Amino acid sequence: MTDPVVIAVDGPAASGKGTLARRLAAELGYAYLDTGLLYRAVGLALIRAGLSPADQKAAIHAAAVFDAAAEDFSDPALRNEETGAAAGIVAVIPAVRDALIGVQRRFAANPPGGAPGAVLDGRDIGTVICPDADYKLFVEADIEERARRRVKELQDRGDAVIPARVLKEMKERDERDRTRAVAPLAPAADASVVNTTNLNADAAFALAMSLIR
Ligand code: C5P
């Protein structure tokens, strides 16, 4: 048995990393893990318990008892903006991050369904979770373009949207992700940067495939 191939796809919110990672996994027959959902699940557990995501003790407990096998990842509440903001707040807590490392590394080492590889997307996959990944992509785009994409995504879902607020909250989350002490959002030294500001999903995918091949 050869080790599974691991592709790390990191980048800020709405950079296109999720779309790209999912498509790479489908093309290559690899398993896909959206690691943002793990932090979102912890944030949502606090919201649902009526607790503040800034409540460190509660966040650490929620991460410690988090069970990926029992989680309903199709719950739409995981994907809303309030949950995303809560995820960004719990994600600065080192003990929360530590509690979620195992599930991510196990996924990469033993991709579900016996897949020959795994694609993980997040913020610290290439730097912390899988520093030995076979391929590392860092997907980014200008903040205005990312906010525009997020507004469209929310509108398509029928959510009420205030574009200026989406931009402001995205800037805040970016800042928190980039400046936190543990596992800040940053390209790994050996990552290839894919800037999607002027690329549609097809062009970003073609570029990523050319980098991998
Ligand atoms: O990618 P997504 O927007 O779902 O991530 C939500 C939040 O979870 C991010 O803003 C970030 O703070 C945190 N996160 C992280 N490390 C990851 C994935 C997500 O810190 N690998």
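One-based numbering, in listed order, for ligands and for the atoms of each. Predicted model only: the values in this text are computed from it and were never measured.
Contact residues for ligand 1 (protein heavy atom closer than 4.0 angstrom to any ligand atom): Lys17, Thr35, Gly36, Tyr39, Arg40, Ala87, Gly88, Ala91, Arg97, Gly122, Arg123, Asp124, Arg173, Asp177, Arg180.
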Please tabulate, one pair per line, all N/O donor-acceptor pairs under 3.5 Å involving side-chain atoms of residues 41-54, not counting sequence neighbours.
{"from": "Arg48", "atom 1": "NH1", "to": "Asp75", "atom 2": "OD2", "distance (Å)": "3.0"}
{"from": "Arg48", "atom 1": "NH2", "to": "Asp75", "atom 2": "OD2", "distance (Å)": "3.1"}
{"from": "Ser52", "atom 1": "OG", "to": "Ala54", "atom 2": "N", "distance (Å)": "2.9"}

I'd like a table of donor-acceptor pairs (distance under 3.5 Å, sequence neighbours excluded) in which one partner is a side-chain atom from residues 23-31, with atom names and distances.
{"from": "Arg23", "atom 1": "NH1", "to": "Asp202", "atom 2": "OD1", "distance (Å)": "2.8"}
{"from": "Arg23", "atom 1": "NH2", "to": "Asp202", "atom 2": "OD1", "distance (Å)": "3.1"}

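Hydrophobic cluster of Val193: the remaining members, joined at side-chain heavy-atom separations below 4.5 Å, are Phe138, Leu185, listed by chain and number.
Here Asp124 pairs with Arg97 in a salt bridge; the nearest charged N to carboxylate O distance falls below 4.0 Å.
In this structure, CZ in Arg149 is found 14.0 Å from CG in Leu154, a value given to the nearest 0.5 Å.
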Go through the steps to decide whether Asp190 and Lys136 satisfy the test salt bridge (charged side-chain N to carboxylate O under 4.0 Å, His left out), and finish with yes or no.
CA-CA 7 Å; Asp190 52 350; Lys136 297 181 185 179; 3.0 Å; yes
